[in-house]
Amino acid sequence: MTTWRSAVLTICIGCALHLAACSGPSWVHPNKPQEEFTQDYNRCEGDALRDPKLQQGSRYLLLEATERCMRKKGWVIKNTE
C-alpha cells in the first residue's frame with residue numbers, strides 16, 4: 001500500500017509542477033522573438049553589474065536596474081496561461 005501512495009503522491013506533485021510551469025508571469029516583446037530575451041536580459045544585467053552604485057551587493061537593486069533596462073528595450077512582464 002505504501003508504494004501505491006508514493007505513486008499517487010508523485011503523480012500529484014508532477015501535475016502541480018506542470019501547472020505551475022504553464023502559467024505565470026513571463027517577459028514578452030511586441031517585435032522580438034522569445035529567443036532574444038536571454039541575450040537582452042544578460043546584456044542588461046551585465047550593464048547593471050558594471051554600475052559602481054550597484055556593486056554594493058544589494059541583489060534587489062541589481063534586479064530592479066536589470067528590469068528597468070529590459071522595459072527600456074521594450075520587454076514587458078505578462079501573465080501567460
Atom pairs and distances, donor-acceptor, side-chain atoms in residues 27-35, under 3.5 Å, two or more places apart:
residue, atom, partner, partner atom, Å
H29, ND1, N31, N, 2.9
H29, ND1, K32, N, 3.1
H29, NE2, K73, O, 2.8
K32, NZ, D40, OD2, 2.7
Q34, NE2, W27, O, 3.3

With sequence neighbours excluded, tell me which residues meet side chain to side chain contact (heavy atoms under 4.5 Å, CB included) with A65.
A48, L54, R68

With rounding to the nearest 0.5 Å, note down the distance linking CG in L62 to CG in D51.
9.5 Å

To the closest 0.5 Å, what do you measure between CE (M70) and CD1 (I77)?
8.5 Å

From C69 atom SG to W75 atom CH2, the distance as rounded to the nearest 0.5 Å:
12.0 Å

Using the test side chain to side chain donor-acceptor pair (under 3.5 Å), find all partners of E64 that sit at least two apart in sequence or belong to another chain.
Y60

